[in-house]
Amino acid sequence: MGNSASLPPQDITRLEKDTSFSQKQIKRIYRRFRKLDTTNKGFVTEGDISKLPEISKNPLGHRIVKTLTSVDQPDAVEFDKFIKALSVYHSNDTEGKLQLLFWIYDVDEDGAISLVDLYSVLKSLVAADLNDLQLKEIVDKTFLDADKDRDGKLNYLEFKSLLTNFALD
């Protein structure tokens, strides 16, 4: 897709089908993406994305940015991946949002959420309001309730069940 001044019409049409955005929104997002791409290489870095106010002010901003990167390109996010990730946040796709949230909580990226992962994320969210002992109690209680197979980690289905039950309570 490169870093041309505008997206080709066929890319806009494809992205409209692949995302929850209208053509007008895609064009606006592309313009903003290009502003982030200060080196004109056709991709943005984690550092570029971290400068966005919506990310920099978010206590989980660094984890959100990590969900955009891949192992083969750890510091290069192309527009396709950028807009598709944004689309998950923008859409009514509950399953997609749950998967994204799971990746955010899976700090060590091993495919499961450990006690340490959950503690780390909660600490970045509520550090000013709770002390370490209170956080540990919350994490322990969460695992007691949610870790159905008692392996010391939450797999995606356990995480999903926890959030689904939490949202309904």
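Remark: E95 engages K160 in a salt bridge, criterion side-chain N to carboxylate O under 4.0 Å.
Interatomic distance, F21 CZ to I29 CD1, rounded to the nearest 0.5 Å: 4.0 Å. Rounding to the nearest 0.5 Å places CG of L15 at 12.0 Å from NZ of K27. Interatomic distance, NZ of K35 versus CG of L52, reported as 12.0 Å (0.5 Å rounding).
Between the side chain of R63 and the backbone N or O of D106 there is at least one donor-acceptor pair closer than 3.5 Å. With D140 contributing its side chain and L144 its backbone, the two residues share no donor-acceptor pair below 3.5 Å.
If you chain together hydrophobic residues whose side chains sit under 4.5 Å apart, L115 and L125 fall into the same group.
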Can you give me every donor-acceptor pair (side chain of residues 96-104, partner residue at least two apart or in another chain, under 3.5 Å) with its distance?
residue	atom	partner	partner atom	Å
K97	NZ	S91	O	2.7

**Study point:** E158 and S161: CA distance, side-chain angles, deciding distance, side chain to side chain donor-acceptor pair (under 3.5 Å) verdict
**Key:** CA-CA 5 Å; E158 291 168 329; S161 177; over 6 Å; no

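Counting only N and O atoms by type, the side chains of T13 and Q10 include no donor and acceptor under 3.5 Å apart.
Ring orientation note: the planes of F79 and F33 are nearly perpendicular, at an angle over 60° on the 30°/60° scale. Ring geometry for F159 versus Y105: interplanar angle of 30 to 60°, hence tilted.
The side chain to side chain donor-acceptor pair (under 3.5 Å) contacts involving residues 120-129 comprise K123-D132, where partners must be two or more places apart or lie in separate chains.
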